[in-house]
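What follows is a single structure, written as structure tokens, with notes after it.
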Amino acid sequence: MSHLDALNEPQRQAVLCTQGPVMIVAGAGSGKTRVLTYRIAQILQQGTDPFQILALTFTNKAAREMRNRIEGIAGQQARHLWMGTFHSIFARLLRGNAEKIGYPTHFSIYDTEDSKSLIKTIVAEMQLESDLYKAGYVYNRISSAKNSLIGPEQYANSAELLAQDASASRPHIHQIYSAYAQRCFRAGAMDFDDLLLKTYALITEHSDVLNRFQHQFRYILVDEYQDTNLAQYRIIKMLAAAHRNLCVVGDDAQSIYGFRGANIQNILKFKDDYPELKTFQLEQNYRSTGYIVQAAGSLIARNIHQFEKKLWTGNEQGAKIRLSSAVSDGEEGRFIASDLMEARLRNQLNYSEFAILYRTNAQSRPLEEALRRQNIPYRIYGGLSFYQRKEIKDMLAYLRLIVNPSDEEALRRIINYPTRGIGKTTLDRLYAWAGERNEPIWTLLTAMADQPTAPQGMNKVVDFVFMIRGFQTMSAREDAYQVAQHVSKHTGLHRLLVEDKSVEGISRMQNIEELLNAIREYTEEDEVDPATGEVEGRDRSLAGFLQHVALLTDADLDADDENAEKVSLMTIHQAKGLEFSHVYVAGLEETLFPSSMSMESRADLEEERRLFYVAITRAEKRLTLTYAQTRFRHGNFLYPEPSRFLSELDPSCLDWQKNSGHQAAPPFRMGSTITRSGSASGHSYGNTRAQTYGSSNGKGSNPYGKAVHKPVRSQPTPSNSEPANLVQFEPDDTTNLKAGMKVLHQRFGKGDVLSVEGDAPDHKATIRFIQQGEKIILLKFARMKIIG
DNA sequence: TACTAAGCTCTTTTT
DNA sequence: GAGCTTAGTA
């Protein structure tokens, strides 16, 4: 048992105590993954069949990493562990028992986009006001109901929920929910939440199934237990009921998924369910330097709802946490980029040892711009994932339809794409018929196709049916790659993309090719499927691939890219579980972090604080916090205060950078300062009244384009920081950036200095600038579409 | 029916 | 800034 030497005493105990209910409270950086892997290895060494061990994580990445590490200790048998995300493991359990709850074996999995699209059609069909019943809102409502195991009937019978909806003047949510559930069922489709909800239904309604699982899984381990919701909690509890060898690992201080239904009480109250529980606390942080651990501790101590614990480290004290303010979001990016560059050269570091973290995905843009300008390679996580791109979803929709022709979202997507003359009126008729009979549209379509002559106006539709049927016959014989390639050619999808010679078109084509490659690799390689945990007897059919792909996320895509020399950019949520030598956290501003949506309730604010805690504890050696005094968001300039969280950190851990060198940007460059301070240093603008130049559409007095006045939200303290004469200038499509600048010159006189960094002559531009006396200060231009 | 341009909205985190 | 809707045209 020599490998256990690598563990400290609490870790060792947690590993060796394999029997009965166990809770491991593992502080940030305390070696949680290590304990989990050694524990599983330990259970295997006691002679347990890997098939009897169930290990649940929240991300494929965590599962994959753990499997690899266990394989390193315990060898090949690690491949047969039931290890994966809640969603993928439950999907696998559901596949095997789908018919018991009335679903086809190859049920589809709707992603958020599919779900919202379906909700939108239902709202339209029910003739409800689409402003009130916005898809996102309704989806969240339904999702949180499902996460609390509330089905449509229970929803309709819950006085509390109905009252909530009524007071939000959206009384029809329960009807939408009911229709939505019906339509998903009719389509043989489950959304993400259904994977939990239906698993729960399966094991509560079919005791034989529950029994089988209960006896199969002698050992159950759950990672990130603080992020489980009610559905997950109940399912785990039922599965563990026979053997009671349940081990949960988590850190209440890192519970950051409340918005997704995660209930921190699951970990705080875990002992109530298991009185014989053994608890192990891992409090020694191996990851970070002293100041970082201390600052993190001082922050999280402000939260009331948590376990009593003291995180400590034996590591050296290290450097203090640096705190820096920038004049604008662009300046913030430039500061980070140049600081990063300098630190890298001075300390001989690899780019991959740096991460830039932020609260919202939208913050990545100015950061990316700054990095590109300095030629710093970066990898950005999140945003549009590969599998959410339009062309990929189109292709997948064909494949989904082949496997499950009832899948109405897939059908809707591609029945007329590429266009084949099946227009809106035709579709409306089909939907109406299907609705009347409550049958999948496909049933209707095949009925039409099997008649000797097609009904009026349905010839094209019948052609479509025969095409899909042809694909189906093929997929019975060939593997996924063959089918996909055939589909790409015979639907016209391929031709459509090849003909598009624009930059976007070419990249779309490349994406399709990448998808085909991924499919081929899937059919050939022998690696463990991270989404299903299967390797031998792996399903190489189309159905297998779709199952595999439905639950992948962006973070899973290019695992081989992981060691590339690139700076990582991601939201803090995505950074959970990761660590970096040098970390920047950008955008520490009130209303952004904490988010304005989380400032109402104490619980929400505590979650934001935990999120900041997660951000801080990602850093090993050096942590830099930044905020901007001006932020351009969604077409408006904001003037946020520094985040309250900054003042919650133990000041003895902080090193305030006195705005060194970054206070006053040189004039006439993008991102120039907009502050109008009454004091000595600032600029003074004579005219504070907003002006609008030009008229609309090039047809009026201004032949070059139009200018739109944007109302400016001023700071509560009106004494400073209010931009004067903010104008947005939008050249029309015949005007490129240079021409746009020329227009500005003409309008404001030759003496005015106006320039942009870089050159983008092929781009349509949105230009924002202010007039300062006789001068124009360019604040920002944003590249838009490339002109033909 | 298909395509394009213009207009409007809203602003968090994700398996 | 992007996604979606609407209006207008071929």
Side-chain angles (χ1 to χ4, degrees), chain A residues 56-63 84-91 109 111-113 116-117 120 124 130-131 134-137 139-140 143 147 191-196 224 227-229 231-232 256-262 357-366 381-385 388 390 416-427 457 460 531 550-556 570-576 587 591-599 604 607-608 610-611 614-615 631-636 638 696-697 706 708 728 730 732-733 764 766 768 780 782-785 788:
Chain A
L56 296 165
T57 65
F58 273 83
T59 64
N60 293 312
K61 200 181 159 184
T85 66
F86 281 93
H87 293 264
S88 61
I89 293 283
F90 290 173
I109 297 176
D111 67 13
T112 313
E113 195 189 333
K116 286 185 183 170
S117 147
K120 210 177 282 178
S130 58
D131 293 347
K134 277 178 288 193
Y137 181 90
Y139 177 79
N140 285 336
S143 172
N147 286 324
D191 65 17
F192 287 137
D193 303 314
D194 281 334
L195 295 175
L196 310 185
E224 308 279 15
D227 287 328
T228 52
N229 60 32
Q232 290 160 327
I256 55 174
Y257 281 104
F259 70 92
R260 211 167 74 187
L357 309 182
Y358 36 80
R359 177 69 239 269
T360 68
N361 281 305
Q363 283 168 257
S364 69
R365 187 177 307 274
Y381 293 76
L384 254 216
S385 102
Q388 289 176 35
K390 183 191 175 308
N416 195 34
Y417 183 81
T419 50
R420 45 178 75 89
I422 303 175
K424 193 174 176 303
T425 32
T426 314
L427 285 177
K460 305 259 173 62
L551 298 169
L552 282 188
T553 61
D554 198 35
D556 305 314
M570 64 186 98
T571 63
I572 301 166
H573 283 90
Q574 294 173 97
K576 197 167 78 156
T591 73
L592 186 60
F593 194 13
S595 152
S596 53
M597 311 189 85
S598 306
M599 299 191 343
D604 285 351
E607 180 158 320
E608 292 279 309
R610 291 193 294 267
L611 191 58
V614 168
R631 186 166 294 277
F632 187 72
R633 265 217 288 178
H634 314 119
N636 284 315
L638 304 180
S696 68
N697 223 14
K706 66 177 181 176
V708 183
Q728 184 182 343
E730 292 176 337
D732 65 36
D733 57 357
K764 208 163 121 183
T766 302
R768 290 188 178 78
K780 175 152 186 141
R783 277 193 232 172
M784 295 168 72
K785 278 184 195 146

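The sequence lines fix the lettering, A, B, ..., with proteins before strands; numbering per chain opens at 1. Excluded from the calculations below are hydrogen atoms, water molecules and symmetry mates; all remaining heavy atoms, backbone and side chain alike, are included.
Counting non-hydrogen atoms under 4.0 angstrom, A:S117 reaches nothing in the nucleic acid. No contact: A:K460 has no heavy atom under 4.0 Å from any strand. Within the nucleic acid shown, A:S596 has no heavy atom closer than 4.0 Å to any nucleic acid atom.
Closest to the side chain of A:H573, out of B:dT15, B:dC3, B:dT14, is B:dT14. You'll find that the side chain of A:R365 is closest to C:dG1, out of C:dG1, B:dT13, B:dT1. With distances taken from any side-chain atom of A:R359 to the nucleotides B:dT12, B:dT15, B:dC10, the minimum falls on B:dT12. With B:dT15, B:dT12, B:dC3 as the choices, the nucleotide that has an atom nearest any side-chain atom of A:T419 turns out to be B:dC3. Set against B:dT13, B:dT15, C:dT5, the side chain of A:K120 has C:dT5 as its closest nucleotide. Considering only the side chain of A:F259, B:dT13 comes nearest among B:dT13, C:dG1, B:dT15. For A:T85, the side-chain atoms get nearest to B:dT15 when compared with the rest of B:dT15, B:dT13, B:dT12. Distance from the side chain of A:Y257 is smallest for B:dT14 among the nucleotides B:dT12, B:dT14, B:dT15.
Under 4.0 angstrom from either OP1 or OP2 of B:dC10 there lies at least one side-chain N or O belonging to A:K134. Residue A:N416 has no polar side-chain atom (N or O) positioned under 4.0 Å from OP1 or OP2 of B:dT1. Listed pair A:N229 / B:dT15 fails the phosphate criterion, with no side-chain N or O lying under 4.0 Å from OP1 or OP2. Within the 4.0 Å cut-off from OP1 or OP2 of B:dT11, not a single side-chain nitrogen or oxygen of A:T360 is found. The phosphate of B:dT1 (OP1 or OP2) has a side-chain N or O of A:T426 nearer than 4.0 angstrom. OP1 or OP2 of B:dT14 lies within a sub-4.0 Å distance of a side-chain N or O belonging to A:Q574.
Between the P atom of B:dT14 and the OH atom of A:Y381 lies a distance of 14 Å, rounded to the nearest Å. To the nearest angstrom, P of B:dT12 lies 15 Å from CZ of A:F593. Between the CZ atom of A:F192 and the C1' atom of B:dT13 there is a distance of 15 Å, given to the nearest Å. Rounded to whole Å, atom P of B:dT15 lies 12 Å from atom NZ of A:K61.
Between A:G423 and A:T571, the residue whose closest nucleotide on DNA chain B is further toward the 5' end is A:G423. Projected onto DNA chain B by closest heavy-atom contact, A:S598 and A:G421 fall at different nucleotides, the more 5' of which corresponds to A:G421.
For the pair A:K576 and A:Y257, the NZ or CZ position fails the cation-pi test of under 6.0 Å to the six-membered ring centre and within 45 degrees of the ring normal.
The separation of C:dC4 from B:dT13, taken at their C1' atoms, amounts to 23 Å, rounded to a whole angstrom.
In this structure, NE2 on A:H573 lies 4.5 Å from CZ on A:F259, to the nearest 0.5 angstrom.
Taking the charged nitrogens against the carboxylate oxygens, A:E113 and A:K116 have no contact shorter than 4.0 Å, which rules out a salt bridge.
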